[in-house]
Amino acid sequence: MEFPERVYTIEEVQKARELIEKGYMHHLDVRGSPEFKRKVEEALNLVKTAKYYDFLRTYIKQIVEIDGLTQLRESEVAIWASMYIVADPVDAASLFIQKAQQMKDFIEGRLYYETGEMRTVKKRIEFLETLKETSKDLDVKKKCEELLKSWTETTFP
């Protein structure tokens, strides 16, 4: 069975869910300018360091450069991202994981409003904690600490 080209209808979501339950993972495709691709690769290396790469490519097929607001495009199984958002690889990596959690929730039929945002933020925080533990790079650890402080102070009073 082949992964649906888009995930929009009930049948397409069910097919995607079935394939993922059987272990399907995407070959992650990055589309954009050479500079965008370079920055995304930096972020993806951090995702690999934290051992979240398989999680990411289970739920995300593409990361595409856009001029505009960064967003998850559920029907395309893609993250649309601006150069601005990938400028900081640690922040970009954590955003990719947050969006992968959002896509996972979508495929599993979990409603996004009410508790969905909290689940995705918790996943982002979990990723940052793991990256901080697994990275040997002191700058990455420091950036994780800064982001964790920011996310926990503003999200969980």
Side-chain angles (χ1 to χ4, degrees), residues 3 7 16-108 110 112 115-157:
F3 201 86
V7 180
R17 186 181 312 131
E18 287 173 20
L19 285 168
I20 287 169
E21 287 171 356
K22 292 177 182 175
Y24 181 89
M25 286 185 219
H26 300 285
H27 172 75
L28 191 57
D29 182 30
V30 179
R31 295 183 183 177
S33 66
E35 179 65 8
F36 178 81
K37 288 179 177 181
R38 188 181 69 73
K39 294 304 259 178
V40 169
E41 280 304 317
E42 285 180 43
L44 292 178
N45 285 334
L46 296 174
V47 170
K48 290 172 184 175
T49 296
K51 298 187 179 10
Y52 277 70
Y53 190 65
D54 284 348
F55 174 75
L56 179 65
R57 66 192 191 104
T58 296
Y59 296 102
I60 301 296
K61 180 172 27 176
Q62 295 177 342
I63 300 172
V64 180
E65 182 178 18
I66 59 153
D67 273 339
L69 296 175
T70 297
Q71 59 185 290
L72 174 65
R73 299 291 296 187
E74 289 97 339
S75 64
E76 297 174 29
V77 193
I79 298 170
W80 284 7
S82 66
M83 259 312 279
Y84 172 78
I85 206 69
V86 298
D88 177 339
V90 175
D91 199 25
S94 67
L95 173 83
F96 295 162
I97 296 306
Q98 182 177 0
K99 294 301 180 187
Q101 179 65 47
Q102 186 179 343
M103 189 69 207
K104 178 180 190 272
D105 288 351
F106 175 78
I107 288 173
E108 291 176 355
R110 290 191 183 140
Y112 186 72
T115 59
E117 183 72 20
M118 192 65 88
R119 276 193 308 273
T120 65
V121 169
K122 283 183 179 179
K123 189 68 169 186
R124 189 174 191 159
I125 290 169
E126 171 192 296
F127 169 79
L128 287 166
E129 289 170 343
T130 303
L131 181 59
K132 182 180 156 191
E133 300 270 325
T134 57
S135 179
K136 293 178 179 24
D137 186 319
L138 295 177
D139 291 334
V140 168
K141 288 178 177 285
K142 183 179 178 190
K143 185 62 182 183
C144 286
E145 285 175 13
E146 290 171 14
L147 289 169
L148 283 165
K149 184 176 184 204
S150 170
W151 278 105
T152 55
E153 283 179 353
T154 59
T155 310
F156 305 105

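This one's a predicted model, so the numbers in the text were calculated from it and none came from an experiment. Hydrogens, waters and symmetry mates play no part in the numbers below; they use all other heavy atoms, side chains included.
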Could you check whether the rings of H26 and F3 sit parallel, tilted or perpendicular, using 30° and 60° as the cut-offs?
perpendicular
Just jot down the side-chain contact (heavy atoms from CB on, under 4.5 Å) partners of S135, sequence neighbours excluded, or say none.
T49, L131, D137, V140
Show every salt bridge (Lys or Arg N to Asp or Glu O under 4.0 Å) that has at least one partner inside residues 17-30, sequence neighbours left out.
D29-R31
Mind checking whether E41 and R38 have side chains closer than 4.5 Å, heavy atoms only?
no
With F106, which residues qualify under ring pair (Phe, Tyr, Trp, His ring centres under 6.0 Å), at least two apart?
none
Above 12 or not: heavy atoms from other molecules or residues under 6.0 Å from NZ of K48?
yes
Measure the CG-CG distance between L128 and L147 for me, rounded to the nearest 0.5 Å.
5.5 Å
State the CG-NZ distance between L56 and K99, to the nearest 0.5 angstrom.
13.0 Å
Closest heavy-atom contact between K39 and V86?
CB-O, 3.6 Å
Return the set of residues passing side chain to side chain donor-acceptor pair (under 3.5 Å) with E146 (not counting sequence neighbours), or none when no residue passes.
none
Per the salt bridge (Lys or Arg N to Asp or Glu O under 4.0 Å) rule, what does the pair list look like for residues 56-65, sequence neighbours excluded?
D54-R57
Just grab all the side chain to side chain donor-acceptor pair (under 3.5 Å) pairs involving residues 76-92, residues at least two apart or on different chains.
E76-W80, D88-K143, D91-R124
Output all residues satisfying side chain to side chain donor-acceptor pair (under 3.5 Å) with K104, sequence neighbours left out; order by chain, then residue number.
E108
CD (E145) and NZ (K132) are apart, to the nearest 0.5 Å, by 4.0 Å
Between V7 and A16, which heavy-atom pair has the shortest distance, and what is it?
CG2-CB, 4.1 Å
Pairs satisfying ring-ring contact (aromatic ring centres under 6.0 Å, His included), at least one member in residues 44-73, at least two apart:
Y52-F127, F55-Y59
What closest approach, in Å, do A93 and V47 show between heavy atoms, and which atom pair accounts for it?
CB-CG2, 3.7 Å
Listed by chain and number, what are the side chain to side chain donor-acceptor pair (under 3.5 Å) partners of E129, not counting sequence neighbours?
none
Side-chain contact test, heavy atoms from C-beta onward, threshold under 4.5 Å: evaluate it for E117 versus Q98 and give yes or no.
yes
Kindly compute the distance separating OG1 (T120) from CD1 (I125), expressed to the nearest 0.5 Å.
9.5 Å
For the CE atom of M83 and the CG atom of D67, what is their distance to the nearest 0.5 Å?
10.5 Å
With side chains defined as the heavy atoms from C-beta onward, is the minimum distance between Q102 and K123 less than 4.5 Å?
no
Return the CD1 to CG distance between I79 and L28, rounded to the nearest 0.5 Å.
8.0 Å
